[in-house]
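See below for the structure under consideration.
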Amino acid sequence: MNVNRHYTREFVRTFFTSPAAVDGEDDSAKMLRNAAQLRGMQAPDVWVPDNEDATAPPMRTEGVENVIEIVAEYGRDFPGEIHPRVVWHREDATTRYLGFQQILKITTSDSGAIEHVDGFVIPEVGDIDDWKKADECLTIAETEAGIEVGSLSMSVIVESGEAELALTDLREEMGKPSNNLERLFLLVDGQVDYTKDMRAMTPTGELPSWPALRHNTSRSASATGLIAVDGPYDDIRNIDGYHERMEENRAKGIVGIWSLTPGQVVAANKAPLPPTRGSWLLEVNGRQIPLEDEDDRQVYQGDELGLKETGDGRYVLRFSDDKRSLTVEELHETLQDLTSYIPSMNDIVDSTEEFETAKAAGKGAVSMTQSTTLVIDGIKVDLTKDRMWDKATYQAVQTPIFLFQYVYENRPDQHEELAEMYGTDTVERAMAVGN
Amino acid sequence: MNVNRHYTREFVRTFFTSPAAVDGEDDSAKMLRNAAQLRGMQAPDVWVPDNEDATAPPMRTEGVENVIEIVAEYGRDFPGEIHPRVVWHREDATTRYLGFQQILKITTSDSGAIEHVDGFVIPEVGDIDDWKKADECLTIAETEAGIEVGSLSMSVIVESGEAELALTDLREEMGKPSNNLERLFLLVDGQVDYTKDMRAMTPTGELPSWPALRHNTSRSASATGLIAVDGPYDDIRNIDGYHERMEENRAKGIVGIWSLTPGQVVAANKAPLPPTRGSWLLEVNGRQIPLEDEDDRQVYQGDELGLKETGDGRYVLRFSDDKRSLTVEELHETLQDLTSYIPSMNDIVDSTEEFETAKAAGKGAVSMTQSTTLVIDGIKVDLTKDRMWDKATYQAVQTPIFLFQYVYENRPDQHEELAEMYGTDTVERAMAVGN
Amino acid sequence: MNVNRHYTREFVRTFFTSPAAVDGEDDSAKMLRNAAQLRGMQAPDVWVPDNEDATAPPMRTEGVENVIEIVAEYGRDFPGEIHPRVVWHREDATTRYLGFQQILKITTSDSGAIEHVDGFVIPEVGDIDDWKKADECLTIAETEAGIEVGSLSMSVIVESGEAELALTDLREEMGKPSNNLERLFLLVDGQVDYTKDMRAMTPTGELPSWPALRHNTSRSASATGLIAVDGPYDDIRNIDGYHERMEENRAKGIVGIWSLTPGQVVAANKAPLPPTRGSWLLEVNGRQIPLEDEDDRQVYQGDELGLKETGDGRYVLRFSDDKRSLTVEELHETLQDLTSYIPSMNDIVDSTEEFETAKAAGKGAVSMTQSTTLVIDGIKVDLTKDRMWDKATYQAVQTPIFLFQYVYENRPDQHEELAEMYGTDTVERAMAVGN
């Protein structure tokens, strides 16, 4: 048997964990069975049957059996990748041995489950030497199962200071002949246990946001060709907060996030894709306020900013805390600086096509223009945003395009929803650019 | 002589420096003498007779003698640990030799002072090799003094880019047989000299807050079993600012902070302990506004948020910059998301007991509930916050409990004040949980 | 030939890139020729004839020739240093070979250009081993050119996760006999390509501000005696934004910044120098609001803070969201804490002189006082800010003085403008202190 698992994944949007065995249900595998049948935007890029924290310790033997049964039955048709999480702990050899046994059972089961398992998720890792122990368990399991060594990927949960420090050793260690760390895939932050390990405290018990951990994870992922994934966002009802977190993450280079519910999966699958409609922002007192679009005019509805004409061809622009008398030119310039535009998928595709045409004609840079009318206190101001696109701008703006193309190629089950979101024409054009 | 200094300290709240010798006083040891007699919340967890920056260079010979005299006289009864600071500099061998001489004098003095000295604080360290030089000075001093090698702890002040970089080497270096770095105890940030070393500038001359330095210090402390302590907060009169800084620190896993005055010691000893009363926060424009408790109703007093009923069973919730018409259900949900609760010590003990009872009964998670009535512009809204507690939540929330238990066990001189703060019953219950 | 290039640069304010060859102009070297003739505040500390991203690939052969011609002609009289940027890429040996050829051509040209070239800028570096390859290219070029090995400096653009990780290896690697990395000079962040390399995305396409990258660059510069420079700020018209970015940078220890236009050069040359006039700030809702100076009274013009007398000797201080009834003493104390003073160059020189006089008289600390009258809603409140200056404060506040002295010594072409800004007397006194 020689299942070909080699791939170079470029993006993972969603990392969805399901308890491997739930006590007190007729079917302890019910959650796995439900998750395995998700399709389209409800199905994650990476699905994690979770035989660690999501499953109570006494249920974990049954959990392994459930994973084997469900993956064997549904794995072939599941649209994302499948990476079970097993138990592991940097400070406890008993737990590591249990994890090894779980891996071995899944890998060597004669159910055929292993044909659909893309890799394993190892929690609670410590120093890089601890990562190597898990890697070696996988190597042994692969050998026992008769599958190619290195073909199972390994993802880790970074949930300790040690593991965060180990991130900086990765690039150097991954090439060494004495390990198979090239199998590494996801670097997932685990802020619940990280917070405990760091002994951090907040007044309300809310988790700190750990921006440095996220930066360091993203940086090491970038330096080693791996993929960074943010940890669980456990305020499940708070979709706005989940979106804010994901926006912050993307600005750090982290596209993927843990999802705890199918609702979070849908939100996280869609969030990194460009919006279907463009929109405008106005900066007021350091905050970016989204403007209401009314017949292609962008209307500011708030009280913090005020505008009035003073009769002498001048205007008074009032910030809550500050009044400025401005000529019409100064007013334009000020509002120009305070507004910004969030391009839609269609805008991005347009600009990309335009730049590519210019490049083909030997030009190194083009100017992209976006116009609108801003309305504050009934006064209309026409705005035009110009942006020079050179090769570097072009390449940076390509990240959402690459992401879209990658999703489209790897998730046929989402084609219909993508066409609904963007329209068939935009989808086709988006697939054609950048090649 | 073989003084047993081995201990595994878990928490240090306060690091209080006193000048070792003050010029122009009848008794140049006056500040030391005063500090040595502090008790209860006024006494720090770690007291640092400071023969470096707090003492003028010409006074430092006298400073060593003062430290020996005062520690010999008062050391036995001092409720915290005693860690004198000596001179040291990564770039100056003369200073290092002076520091070594200071250590030797204190260690080998026949006054008996050394029996009460728990360790030394080494400032201005550089690369890890520089830390090893200081470690070796202590090893020689221990040998000369006839006390067990490794029994004196060593704390360092991280106040240079080199030292910050060295933090990442610690875990690997501490186990090596050629050093005794296992004696390391506190990693203390020193932002004044760090700022100078980094050549940082701010318009007002205020120190930058250096969040990355604090994260890196905390992370290395976590990875090596050491304790991170934040540097001095020199705006002594600004107690609110000191509290804000400590809250920020705790969210990074740094419980301890430098204290420059007994007033700061009291504040910093109490700050990390859970509050005596619970309270509610309301998020308004991204800021957390504490609500006034009036007869168990939480009253919002500000202008930025407004609420009125519009007669049709709907409400208008006004943010300074935004009005939303909401049904009563939407209103509840919105306010639910905007409020959060800061549990008191009693609440934490209650929840912990409840979780432990549930766990003993075989349940893996319990729901904790907190209810109140929120009042905005005279309109009352009943709120209930639910939070699922699983093992991970439980463990994370245990940090304040561990801290309390640790303080209670190690600081009998604070028992009375703790009982006054929390009541004897809560103190007893807090000592009983988690075991 | 043995040009002496050894120097220990302490500060670089400006890093100005000019395209090496522009297509479609009569004189493709026009931009270089213009830049080479800049003087005074318009001339950068480091000028970078850019034969990489600013020059279209087909123009780069001509670019090398232009650099040689223009530097040979204007180099002797250029007031700053000259560091051409060549092509390089950690992942592409062809590009590295091209870069090596560019370096060789410039170094060995018989035009004499090399006498005025201070070093080279290497973009797109990766691991430290990649830095060593560039170092070796310079060593070979120096040998071929018959100039001292190590005399050409090397600056790198940090624009990948790998390069950011390499920053932590620098201090250890720079001393090794098998390389000449002691030639390193500037560590320049390159956020455009870094963003692409990290695959980061923002809604508007704006670059993330990457605070961690900037901290790590500054820290390594500090630890290795090099100079950190922030990357390009491409919103060229937004001078306020450029100033905010530079203020943030200075708080991280980064004095220098990339400049894309002579206008940015002027702004960035002046920004790190102390202001010509002192000014006051008032903290309102967490933001620092500059106060208007009217006849030495500091007038608050905003609406977010209000003050009125209530007749009973008490005052009500209103924050937008909070009212406090205060006695006159409490009012003073509160406003004292909310205000801060930005000292002018003259203030800094005064304080420094005062401290130095005190120190010479054997005093270790002096109290510096700043008084003013604050006006809120017509009510006048007299304020006095005291600050204790000890040696550490003194040394930290010396950074702007050192910077000024360094600029004055190294940039005679800016003497006239500096005298205009500060007055001859202040300039002379500023040059005299701190020695």
Side-chain angles (χ1 to χ4, degrees), chain B residues 23-24 53-59 126-127 159-166 168-169 190-213 215-216 232 234-241 282 284-287 289-290 300-305 320, chain C residues 10-11 167-168 170-172 211-212 214-216 218-224 227-228 247 249-255 272 274-275 279 281 285-286 288 318-323 333 336-337 340-343 348 351 362-365 387-388 390-393 395-400 402-403:
Chain B
D23 199 8
D53 277 0
T55 300
M59 297 299 291
D127 295 316
E159 44 194 332
S160 62
E162 286 102 295
E164 188 187 352
L165 286 167
T168 58
D169 301 326
Q191 284 92 349
V192 174
D193 280 331
Y194 182 81
T195 299
K196 183 183 65 175
D197 187 71
M198 293 284 277
R199 302 205 150 173
M201 299 185 273
T202 60
T204 59
E206 197 189 20
L207 291 177
S209 68
W210 299 114
L213 170 66
H215 175 78
N216 293 337
D234 65 0
D235 190 357
I236 292 169
R237 295 177 336 121
N238 184 1
I239 286 290
D240 284 352
L282 180 63
V284 181
N285 291 332
R287 286 180 296 132
I289 309 292
Y300 172 71
Q301 311 266 28
D303 301 325
E304 289 190 43
L305 200 73
S320 49
Chain C
E10 304 259 338
F11 291 100
L167 290 170
T168 59
L170 267 188
R171 192 170 153 88
E172 201 167 316
R214 287 183 283 153
H215 175 77
N216 293 337
S218 180
R219 178 181 63 175
S220 284
S222 170
T224 53
I227 295 176
E247 187 175 320
N249 285 344
R250 289 193 299 275
K252 291 175 183 293
I254 303 178
V255 170
S279 60
L281 300 173
N285 291 332
Q288 298 288 345
R318 178 186 56 76
F319 292 84
S320 49
D321 217 37
D322 181 23
K323 279 176 193 166
E333 199 171 317
Q336 196 85 14
D337 289 350
S340 49
Y341 181 67
I342 301 179
I348 294 174
S351 303
K363 286 176 68 175
R387 189 172 177 194
M388 283 306 298
D390 61 9
K391 200 182 118 219
T393 333
Q395 286 177 333
V397 176
Q398 286 317 86
T399 303
F402 288 150
L403 169 67

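We use all heavy atoms of the structure for the numbers below, so side chains are in, but hydrogens, waters and symmetry mates are not.
Here the NE2 atom belonging to C:H215 is positioned 3.5 Å from the CD atom belonging to B:E164, to the nearest 0.5 angstrom. With rounding to the nearest 0.5 angstrom, the CZ atom of B:R199 is 14.0 Å from the CD1 atom of C:I254.
B:D197 pairs by the salt bridge (Lys or Arg N to Asp or Glu O under 4.0 Å) definition with B:R90, not counting sequence neighbours. Applying the salt bridge (Lys or Arg N to Asp or Glu O under 4.0 Å) test to B:D193 and every residue at least two apart in sequence or in another chain returns B:K196.
With a 4.5 angstrom heavy-atom cutoff, C:L403 touches chain B only via side-chain atoms. B:N216 touches chain C through its side chain: at least one heavy atom from C-beta onward sits under 4.5 Å away, while N, CA, C and O do not. Residue B:T202 touches chain C through its side chain alone, counting heavy-atom pairs closer than 4.5 Å. Heavy atoms closer than 4.5 Å to chain B are found in the side chain of C:L281, but not in its backbone. Residue contact with chain B, scored on non-hydrogen atoms closer than 4.5 Å, involves the backbone and the side chain of C:A251 alike.
Shown here for C:P343 and B:T204, the closest heavy-atom pair between the two residues is CD-CA, 4.2 Å. Counting all heavy atoms, side chain and backbone alike, C:P272 lies closest to B:M201 at O-CE, 4.2 Å. Contact detail for B:E162 and C:S222: the closest heavy-atom pair is OE1-O, 4.3 Å.
Listed for the C:R219 side chain is no donor-acceptor partner under 3.5 Å among the backbone atoms of B:L213.
Your options are B:T195, B:D127, B:D23, and the one with the most heavy-atom pairs under 4.5 Å with chain C is B:D127. Residue with the most contacts toward chain C among B:P58, B:G205, B:G241, B:A163: B:G205 (heavy-atom pairs, distance under 4.5 Å). Note on B:P203, B:P208, B:A56: by heavy-atom pairs under 4.5 Å with chain C, the leading option is B:P203.
Sparse packing is recorded around CD of C:E172, with 12 or fewer heavy atoms of other residues, nucleotides or ligands lying under 6.0 Å away.
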